[in-house]
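Okay, so here's the structure we're looking at.
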Amino acid sequence: DAKTTQPTSMDCAEGRAANLPCNHSTISGNEYVYWYRQIHSQGPQYIIHGLKNNETNEMASLIITEDRKSSTLILPHATLRDTAVYYCIVRVLSGGGADGLTFGKGTHLIIQP
Amino acid sequence: DTAVSQTPKYLVTQMGNDKSIKCEQNLGHDTMYWYKQDSKKFLKIMFSYNNKELIINETVPNRFSPKSPDKAHLNLHINSLELGDSAVYFCASSSPGNSGANVLTFGAGSRLTVL
């Protein structure tokens, strides 16, 4: 799997958009970009994933550059409850069984009141 | 209506003991996993089960053994516990489909402390 690079930590003011970058310069054509987050003392939570088109759901938006070497997770109106560690993971789309996901160190996003 | 439930949430035990952590999912998923998160907060996959078949074993010690009585359950048995086994263990499940098998639903975790 392609390796990802994320900033160790970021701050964002409550109510503002939080933009979390991820570099994955060695991504291959069949690898998707997945985002998860882990709020303190909870299990990881799936947020969004995409291949090459931008994606949006009720939680966030995912912007993937045209060359697919980097992406940005956007939380449009951050709240204090969005304080968490955010993981960017690159993985092939498994067809039948699953090989699981490998989590890196992630970005600790702190939402400031 | 918890999707992935683990018990117990907390477990404190002595070195050398044998313990189990149970996991159940009511999502109808085909694959279940166990992850370990150590004190440095790294999440590492330990096992996954698909249709009662082990498809990953990430070089964990053979003191750890997953047991799946049915598709909805994947229990983790640990023999001869060691201090280094202290961690939070997360169960997860997923199902192939349009989203693929990489959309995992995690449980709340079981914190194991070995004294």
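Remember, predicted model here, so these are calculated numbers, not experimental data.
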Distance in Å, B:Phe90 CZ paired with A:Gln42 CD, rounded so as to fall on 0.5 Å steps: 9.0 Å
Going from CZ on A:Phe103 to CD1 on B:Ile45, what distance comes out if it is rounded to the nearest 0.5 angstrom? 9.0 Å
For B:Ala87, side-chain contact (heavy atoms from CB on, under 4.5 Å) partners two or more places apart: B:Lys36, B:Tyr89
Holding to side-chain contact (heavy atoms from CB on, under 4.5 Å), I want the full list of residues that pass it with A:Met59, two or more places apart in sequence or in another chain. A:Arg37, A:Gln45, A:Ile47, A:Asn57
Show the nearest heavy-atom pair for residues B:Val103 and A:Tyr36, with the distance to one decimal. CA-OH, 3.3 Å
Search all heavy atoms of A:Tyr87 against all heavy atoms of B:Lys41 and return the closest pair with its distance. OH-O, 4.0 Å
In the single-linkage hydrophobic clustering (I, L, V, M, F, W, Y; side-chain heavy atoms under 4.5 Å), do [X] and [Y] co-cluster?
| X | Y | value |
| --- | --- | --- |
| B:Tyr10 | B:Tyr35 | no |
| B:Leu115 | B:Leu81 | no |
| A:Ile74 | A:Met10 | no |
| B:Ile78 | B:Val60 | yes |
| B:Val88 | B:Phe42 | no |

Just by distance, do the side chain of B:Tyr33 and the backbone of A:Leu101 share a donor-acceptor pair under 3.5 Å? no
Of A:Ser41, A:Gly104, A:Gly43, A:Pro44, the largest count of non-hydrogen pairs under 4.5 angstrom with chain B goes to A:Pro44
Report which part of B:Gln37 has an atom under 4.5 Å of a heavy atom belonging to chain A: side chain, backbone, both, or neither. side chain
Decide yes or no on side-chain contact (heavy atoms from CB on, under 4.5 Å) for A:Thr102 and B:Lys44, but give the supporting numbers first. CA-CA 7 Å; A:Thr102 300; B:Lys44 296 181 180 178; over 6 Å; no
Ring center gap for B:Phe106 and A:Tyr46 short of 6.0 angstrom: no
